[in-house]
Amino acid sequence: MNLSFKDLRFIIKAIEHQINAYKERWQVIEDVDEDEAADLGNDIKFLELLLADMTTSLAQNTGRENIAYEQALFEALEVTFAEWETSEAMTAEEACKRIRVISDKLSNNFERRQQKLIRLSA
């Protein structure tokens, strides 16, 4: 599978979000349900290893030529995940629509930045 920077960064943020959710749940149940706590602990460790692999892959496979795009994407994802943490659950369709809106905004912002840089360098 060939994933873009955007794909990898989004997956990384989603994994980080899920790890935090599992850790919060684990703290609530660790003394109440040992079996679920053990399962959550295993899932957390798995996700942490997956996160490390994804982060390494991102670092190795991403060129530095799109730094402005990468930074804009990172900032958009940070804001989005912060909003998601305080919002109610959404369907997969709603999540896809939201991702599409973020992607469109980001692409438009990136294109404007690129045009501005071209004008400034001319």
Side-chain angles (χ1 to χ4, degrees):
M1 182 183 315
N2 190 8
L3 298 173
S4 69
F5 171 83
K6 183 177 179 180
D7 298 336
L8 288 170
R9 192 70 198 133
F10 186 81
I11 292 168
I12 286 169
K13 295 309 291 179
I15 292 170
E16 289 172 344
H17 178 75
Q18 192 62 49
I19 288 170
N20 290 335
Y22 280 177
K23 284 181 176 179
E24 288 176 13
R25 176 70 181 146
W26 184 80
Q27 289 176 348
V28 170
I29 64 156
E30 68 179 315
D31 294 328
V32 178
D33 187 343
E34 290 181 14
D35 289 336
E36 185 179 355
D39 288 342
L40 276 176
N42 290 335
D43 290 345
I44 290 167
K45 292 298 179 195
F46 170 78
L47 287 173
E48 288 173 340
L49 290 171
L50 181 59
L51 178 62
D53 287 345
M54 297 294 284
T55 303
T56 300
S57 180
L58 181 67
Q60 291 173 346
N61 298 322
T62 304
R64 302 311 302 161
E65 63 273 3
N66 291 324
I67 294 172
Y69 180 81
E70 294 170 12
Q71 184 61 34
L73 176 63
F74 179 75
E75 290 168 5
L77 289 174
E78 285 289 312
V79 169
T80 300
F81 275 101
E83 290 171 0
W84 283 354
E85 290 176 1
T86 59
S87 67
E88 296 179 15
M90 66 178 81
T91 66
E93 183 178 333
E94 291 169 331
C96 288
K97 285 179 184 177
R98 200 165 189 181
I99 292 166
R100 203 171 300 121
V101 167
I102 293 166
S103 178
D104 291 345
K105 281 183 188 177
L106 187 58
S107 293
N108 291 336
N109 289 342
F110 180 69
E111 287 174 16
R112 283 195 300 270
R113 285 182 183 180
Q114 290 298 96
Q115 290 171 356
K116 185 177 179 179
L117 288 172
I118 290 169
R119 284 193 307 269
L120 291 173
S121 65

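Heavy-atom basis, side chains included; hydrogens, waters and symmetry copies ignored.
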Interatomic distance, D33 atom CG to R25 atom CZ [nearest 0.5 angstrom]: 8.0 Å

Straight-line distance of Y22 OH to N42 CG, nearest 0.5 Å: 11.5 Å

Smallest separation among heavy atoms of L47 and I19, with atom names: CB-CG1, 3.5 Å

Rounded distance (nearest 0.5 Å) linking atom CD1 of I11 with atom CZ of R9: 11.5 Å

Interatomic spacing from CG in L40 to CG in D35 - rounded to 0.5 Å: 11.0 Å

Gap separating the CG atom of L49 from the NZ atom of K45, nearest 0.5 angstrom: 8.5 Å

Verdict with reasoning, I12 to E16, per side chain to side chain contact (heavy atoms under 4.5 Å, CB included): CA-CA 6 Å; I12 286 169; E16 289 172 344; 3.8 Å; yes

Reported CD-to-CD1 distance for the pair E24 and I29, which is rounded to 0.5 angstrom: 12.5 Å

